[in-house]
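The block underneath contains the structure these notes are about, expressed in structure tokens.
All heavy atoms count here, side chains included; hydrogens, waters and symmetry mates do not. Within every chain, numbering begins at 1; the chains are lettered A, B, ... in the order of the sequence lines, protein sequences first and strands thereafter.
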Amino acid sequence: MKSEPDAFSIDHLKKKGRAPWDGVRNYQARNFMRDGMKKGDLILFYHSSVEPPGVAGLARVAREAYPDFTSWDKKSAYYDPRSTPEKPLWLMVDVEFVEKFPRFVPLDTLRSTPALEKMLVIKRGMRLSVQPLSEQEFEIVCGLGQSLLVGGRA
DNA sequence: GCCAACGTTGGC
DNA sequence: GCCAACGTTGGC
């Protein structure tokens, strides 16, 4: 999952412990949250629009997809008049903090790692804020980040 | 249902 | 700040 750290970073999540992933306003990304994310699933937390962009750590699905209440909040930047509490258009999941990687994994590193050549995030023009990846890719990225979950260090 | 215009994303 | 890539909108 991608976030601009100015708005919401892995450190923000660490401080809060758990947070709703609100503001997703793209159908494909919404559908990935709805169909592809189960409680307990691990998530790569990606920092975008910063130098360097890359994977900052791990989160976990704490609550499966449910209506994004910011979509009918007129005061929200994410307000969408087509969405109502009765007929919600947009969804979100709750995520909880797992860890900040001991070593930040820059996009450049993802690109130069042969086993990650099929990973969506390195594809040209890939702007989806929620993307699926394989277990193998996930584990390789965790290794690069020196995740505490890898190699029995936890 | 097509597609041009427009808005947004996000790496650079 | 630029701009390529992509998604959405709306006229026809």
Side-chain angles (χ1 to χ4, degrees), chain A residues 1-16 19-37 41-61 64-147:
Chain A
M1 300 184 95
K2 294 196 226 173
S3 180
E4 299 191 14
D6 286 348
F8 190 72
S9 70
I10 190 84
D11 292 315
H12 289 120
L13 182 60
K14 181 176 185 178
K15 204 165 172 185
K16 294 188 75 171
W21 198 275
D22 60 345
V24 173
R25 297 293 179 268
N26 171 283
Y27 290 104
Q28 224 182 328
R30 179 199 69 183
N31 296 347
F32 280 133
M33 289 196 290
R34 182 190 61 200
D35 306 328
M37 299 181 77
D41 285 352
L42 290 165
I43 300 161
L44 297 182
F45 195 123
Y46 181 92
H47 283 178
S48 63
S49 294
V50 277
E51 188 50 44
V55 182
L58 299 178
R60 186 188 290 115
V61 178
E64 293 177 15
Y66 65 105
D68 180 343
F69 46 76
T70 65
S71 67
W72 58 77
D73 175 3
K74 286 189 176 165
K75 291 192 289 280
S76 169
Y78 303 123
Y79 174 66
D80 183 341
R82 296 172 299 172
S83 183
T84 64
E86 294 73 35
K87 276 207 155 185
L89 178 60
W90 301 113
L91 302 173
M92 60 188 174
V93 296
D94 284 357
V95 302
E96 61 188 2
F97 177 78
V98 174
E99 70 170 341
K100 182 175 179 176
F101 279 164
R103 190 180 285 256
F104 181 82
V105 185
L107 179 58
D108 275 351
T109 303
L110 301 178
R111 287 191 199 286
S112 59
T113 302
L116 298 178
E117 64 185 357
K118 295 206 173 125
M119 206 175 161
L120 288 177
V121 75
I122 68 171
K123 302 283 186 210
R124 191 175 150 77
M126 186 63 202
R127 346 178 281 194
L128 267 189
S129 61
V130 182
Q131 303 174 13
L133 74 162
S134 73
E135 264 180 65
Q136 290 87 341
E137 288 163 345
F138 179 84
E139 279 169 22
I140 290 163
V141 175
C142 286
L144 293 169
Q146 300 183 358
S147 165

Item to check | Contact check, side chains of A:L144 and A:F101, non-hydrogen atoms, under 4.5 Å | outcome: no
Checklist entry - Going by heavy atoms closer than 4.0 Å, what residues in residues 44-52 of chain A are next to DNA chain B? => result A:Y46, A:S48, A:S49
Checklist entry - Tell me, do A:L89 and A:Y27 make a side-chain contact under 4.5 Å, heavy atoms counted? => result yes
Checklist entry - Using a cut-off of 4.0 Å on non-hydrogen atoms, how would the nucleic acid contact of A:R82 be classed: base, sugar-phosphate, or nothing? => result sugar-phosphate
Item to check | Distance-only polar pair, side chains of A:D73 and A:Y78, donor-acceptor under 3.5 Å | outcome: no
Next on the checklist: Is any side-chain heavy atom of A:F45 closer than 4.5 Å to one of A:V98?
Outcome noted: no
Checklist outcome for this item: Nt span of DNA chain B in reach of chain A heavy atoms at under 4.0 Å, 5' end first, is B:dG7 to B:dC12
Next on the checklist: Is it the case that the side chains of A:W90 and A:D80 hold a donor-acceptor pair, with the cut-off being a distance below 3.5 Å and no angle test?
Outcome noted: yes
Item to check | Electrostatic pair A:D41-A:R60, nearest N-O below 4.0 angstrom | outcome: no
Checklist entry - Does any donor atom in the side chain of A:R25 or A:S83 lie under 3.5 Å from an acceptor atom in the other side chain? => result no
Next on the checklist: Below 30° counts as parallel, above 60° as perpendicular, anything between as tilted: where do the rings of A:F8 and A:W21 land?
Outcome noted: perpendicular
Checklist entry - Base, sugar-phosphate, or nothing for A:R111, non-hydrogen atoms under 4.0 angstrom? => result sugar-phosphate
